[in-house]
Amino acid sequence: MKLSKLVFETQKEAPSGVNIISHVLLSRAGFIKQVANGIYTLGAPAQKMALKIENIIRDEMNKADGQEVKFPVVMPRELWEMSGRYFQIGSEMVRFKDRADHDMVLGMTHEEASVQFVTNTISSYKQLPFMIYQIQTKFRDEPRSRGGLIRVREFTMKDAYSFHNTLEDLEEYYYRQHQAYTNVFRRIGLKNCISVKSDTGMMGGQIAHEFMLLTPDGEDELVICDKCGYKSNMEVAECELEQINTKNDLPLSEVPTGEHTSIDDVTAFLKIQKTNVIKAVVYVDKDEKKPIIVFVRGDLEVNESKLKKILRKEILPFDAAGDASLAFGNIGPMNLSKDITVLFDRSIENREGMVAGANKAKHHLINFNVNRDLNVKEFVDIAKVKAGQKCKVCSHELKIENGIEVGNIFQLGDKYTKSMGMTVLNEKGEMMNPIMGCYGIGVGRAIASILQESFDEKGMILPVSVAPWTVHICPIRIDDEKVKEKAFSLYNQLNALSIDALIDDRETSAGVKFADADLFGMPIRLVVSPKGLDKNEIEIVIRKTREVVLVKEDEVIEKLKNIILKLQEELN
RNA sequence: CGGGAUGUAGCGCAGUUGGUAGCGUGCCACGUUCGGGACGUGGAGGUCGGGCGUUCGAGUCGCCUCAUCCCGACCA
């Protein structure tokens, strides 16, 4: 590619409001341009990166016995009614009518399409297992996209679906996919990418993992144990419950606490620890709008994912202004209306000498013994894990880090084959619903993830496996015929060898060329200059290490091949 | 969907009490430069997000609307 013909514009400053590093770099280099909120055009360099990443994914999927297919972007309502998701999913699914007034949707994932594709075509257990995958555009009307390519509404995703006779077979294949994912992320150059246990959400199913790039800009919180390797998304993270003993023989009593209603105020006022308070967190049922109260130890937060899973319902935060029936700020576990759903976190089980709201304005209860003063049928684990709490597996201290989800894998079970009526005959001649797994990787997010951890103050540092061009040729003084001739001769030789080369054939100063080359971050730069040519020398610069190698003109190609090989080996 | 902010040249920004719009950068031409974002001279580029209103007159004031960004809710 001749840089003079590339549609791009480099920028010294990032557009205002752009502050995540991958977004800054992609914008400044002109690799992407925003069209609307969460919708971007990828310029040629970003698209070339995407293609290289896709090809690595293809290679790993094919090695995992996958076959590439392509599902439609637009699907009829009926397909999504069969699985039940037409009504389950909210406005993040784009719906519209075609000219015949038929309800259609834009695909945000393709479980339905994959089941529709194989139903009736696959009819025997002998044809299982198999895996089909595609790399295609998805549209999800996210309520809030952000961070450049990290969270967008329209994006390219690889999604794969496997079908099995038994759960055991799915599990075995699931771990093959886990390995394939590990390979993909290593090969595209991601270093701090880990897999964590995750929530299955609306996908259904039991076991799921997310592949997370550790970065402070990540949107997900991850709970990690350095000792035993326990890694989990906060949504499903568990920990060992610490034992706190506060013996109390004093009778329960009510004390005035005035305007002190928040945990901070109440503990300061009564001079007690947060761990000795029973905190009430109020939600409402999304459909019936009835209150739900969760009681949890004062120093802990409610994990809303766990709450939703226990309730099997969608919830909303409680709007205190809209309801006077609860003594907001003084809510306690005693004498609550029977209409209210009440849940108790395990962190308050057996606790004595606690402080709780009195369900009465300006009053709290003290000397509250949970077992003595309350009849709780069940305590549940519904609290968010805090940094410093102990690992459930090995009791080591847990830490919390942020991550970007680059990929995920799910053991789906028979949710879709059952709801959509896909059956095969087993060896006994009985109809059965195959067991499914599904596996996704966001391609654009992978690009952003690579940049999140591979850059310096001058710009991107692209791994050789995904860089749009492997070699960036900078002819200094392209108006010098000798330089021009040599530079283009190298360019042509590299092209002949199928080594992706970019030549900066613009008539501009060395400083501009170097600055742009640094920003672009191609793994290797070749500098051809009049001074160098006088000494029969070409300069090779390795972007990652800034290492400079001077080589004789006739040795350049051999030396380049060696360097490229070495850079590739680092990713194996 | 709540809370906050911003919309002026491709990008980054300034624009005073209301008087017909500017700076930096980028772009074009010519000349001098030329290995780390060169310099000089001359240019092109704006219905000031849009609409309605107040006014002799609106980038500036009022109302409405749209878009974008940030925080939260949300999120396969």
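Just so it is clear: chains get the letters A, B, ... in the order the sequence lines come, proteins before strands, and each one is counted from 1. Keep in mind that this is a model prediction, so the values were computed, not measured.
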Show each protein N/O and nucleotides 7-14 of chain B N/O combination with a separation under 3.5 Å, one pair to a line.
{"from": "B:G10", "atom 1": "N2", "to": "A:Gln11", "atom 2": "NE2", "distance (Å)": "3.4"}
{"from": "B:G12", "atom 1": "OP1", "to": "A:Ser16", "atom 2": "N", "distance (Å)": "2.8"}
{"from": "B:G12", "atom 1": "O2'", "to": "A:Glu13", "atom 2": "OE2", "distance (Å)": "2.9"}

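- A salt bridge between A:Glu301 and A:Lys386 is absent, with no side-chain N of the basic residue lying under 4.0 Å from a carboxylate O of the acidic one.
- Heavy atoms of A:Ala515 sit under 4.0 angstrom from at least one base atom.
- Residue-level contact check: A:Gln34 touches the backbone only, with heavy atoms under 4.0 Å from sugar-phosphate atoms and none from bases.
- Among the protein residues, A:Thr508 comes within range of no part of the nucleic acid, since none of its heavy atoms lies under 4.0 Å from any strand.
- For the OP1/OP2 pair of B:C69 and a distance below 4.0 Å, the side-chain nitrogens and oxygens of A:Asn19 include no atom meeting the criterion.
- Both tests pass for A:Arg95 against the ring of A:Tyr86: distance under 6.0 Å to the centre and angle within 45° of the axis.
- Remark: the separation of the C1' atoms in B:G40 and B:G53 is 49 Å, to the nearest Å.
- Within the structure, a side-chain polar atom (N or O) of A:Ser509 is placed less than 4.0 Å from OP1 or OP2 of B:A38.
- The aromatic rings of A:Phe185 and A:Tyr181 sit perpendicular, their planes meeting at an angle over 60°, well past the 30° parallel limit.
- Taking A:Asp103 as the reference, A:Arg77, A:Lys97 meet the salt bridge (Lys or Arg N to Asp or Glu O under 4.0 Å) condition, with sequence neighbours excluded.
- For the C1' atom pair drawn from B:U60 and B:U55, the interatomic distance equals 13 Å after rounding to whole Å.
- Closest contact between the side chain of A:Glu92 and the listed nucleotides B:G37, B:G72, B:C75 involves B:C75.
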* Dot-bracket pairing map - RNA chain B, Watson-Crick plus G-U, both contacts under 3.5 Å, | cross-strand -> (((((((..((((.....[..)))).((((((.....)))))).....(((((..]....))))))))))))....
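- No contact: A:Arg546 has no heavy atom under 4.0 Å from any strand.
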